[in-house]
Amino acid sequence: MKTILQEPFFNCSTLKVAEELLGKVIVRRIGSREISFPITEVEAYDGHADKASHASKGKTLRNAPMFGEAGFWYVYLVYGMHWMLNIVTGSRGYPAAVLIRGAGDMNGPGRAAKALNVTKRFNNRPANRATGLWIEDRGVVVKKSDIKRLPRVGVDYAGPVWAKRKYRFVVV
DNA sequence: TAAGTGATCTCT
DNA sequence: GAGATCACTTAA
């Protein structure tokens with residue numbers, strides 16, 4: 001049983017989407033080939049009040065996709081070399097997204113994006129088959145007891161309150 | 001542990 | 001236009 005996740009799945013509480021994304025499968029079509037990896041680690045960025053979120057400083061050209069429709073990709077470059085792959089959540093106008101930090105054997109968001117051959121070409125595009133990058137539910141259920149909640153990575157600048165929030169979900 | 005790397009944002 | 005800042009990786 002395969003279902004491609006659509007807007008209703010993502011137009012929901014960001015934390016809930018983040019948690020439920022674990023065990024789902026990210027699929028990339030390159031020409032006639034398809035590669036896929038189960039999602040193992042994610043981070044939630046929820047709303048303008050979240051100091052760790054790009055959206056906390058208001059809407060800019062870069063983070064505009066976060067304010068858009070759920071189920072769209074938000075892709076950007078950090079440290080001059082790594083693409084970060086996020087899926088937008090929540091309703092239009094509410095800035096939120098989930099960062100894909102790990103998929104398959106890959107650890108670290110930069111490597112996951114590299115393995116999937118993701119670049120800004122996917123920024124602000126919908127997650128569906130036509131785009132060539134989407135997420136499937138293949139019926140795998142990750143048990144609650146197999147999910148670990150941890151603080152997010154690299155967001156100390158957000159201050160102790162937000163930096164300590166356990167918005168990161170990992171499959172153990 | 002620290003350097004590499006470049007888009008983006010915030011001042012002038 | 002210049003300068004600071006980064007949701008990271010790799011090699012040492």
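Letters A, B, ... are given to chains in the order of the sequence lines, protein chains preceding strands, and every chain is numbered from 1. Keep in mind that what you see is a predicted model, and the values were worked out from it rather than measured.
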Of the options [options], whose atoms approach the side-chain atoms of [X] most closely?
{"X": "Tyr157(A)", "options": "dC6(C), dC8(C), dG4(B)", "answer": "dC6(C)"}
{"X": "Arg111(A)", "options": "dT10(C), dC8(C), dT5(B)", "answer": "dT10(C)"}
{"X": "Val153(A)", "options": "dC8(C), dA7(C), dT9(C)", "answer": "dC8(C)"}

Handout entry: Exam field: side chain Asp46(A) to backbone Ala96(A), donor-acceptor pair closer than 3.5 Å
Key =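 Not at all, since once roles are kept as given, no pair shorter than 3.5 Å links the two residues.
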Practice task
Have a look at Met81(A) and say if it touches a base, only the backbone sugar-phosphate, or nothing, with a 4.0 Å heavy-atom cut-off.
Solution key: base
Exercise for the section: Please examine the side chains of Ile26(A) and Leu85(A), heavy atoms only from C-beta on, and report whether any two atoms are closer than 4.5 Å. Expected result: yes
Exercise for the section: Would you indicate, yes or no, if dC8(C) has its OP1 or OP2 atom less than 4.0 angstrom from a side-chain nitrogen or oxygen of Arg101(A)? Expected result: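 Yes, within the criterion.
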Problem - dT5(B) OP1/OP2 closer than 4.0 Å to side-chain N/O of His82(A) - result: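 No, outside the criterion.
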Exercise for the section: Using the six-membered ring for Trp and the full ring for Phe, Tyr or His, decide whether Tyr45(A) stacks on the six-membered base ring of dA7(C) (centres under 5.5 Å, planes under 30°). Expected result: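 It does: the two rings, one from Tyr45(A) and one from dA7(C), meet the stacking criterion.
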Check the interface with nucleotides 7-9 of chain B: list each N/O to N/O pair with the protein under 3.5 Å, or write none.
residue: dC9(B); atom: OP1; partner: Thr60(A); partner atom: OG1; Å: 2.3
residue: dC9(B); atom: OP1; partner: Arg62(A); partner atom: N; Å: 3.2

Exercise for the section: Flag the pair Arg29(A) and Glu34(A) as a salt bridge only when some basic side-chain nitrogen lies within less than 4.0 angstrom of an acidic carboxylate oxygen. Expected result: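 Looking at Glu34(A) together with Arg29(A), the answer is no, because their closest N to O distance does not fall below 4.0 Å.
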Practice task
Run the salt-bridge test on Glu43(A) and Arg152(A) with the 4.0 Å N-O cut-off and return the result as yes or no.
Solution key: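 No salt bridge links Glu43(A) with Arg152(A).
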Practice task
Report the stems of DNA chain C as range-with-range entries sorted by first number; a stem here is at least three consecutive pairs, Watson-Crick or G-U wobble, both distances under 3.5 Å, and write none if there are none.
Solution key: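 Stems found: B:1-4 with C:8-11, B:6-11 with C:1-6.
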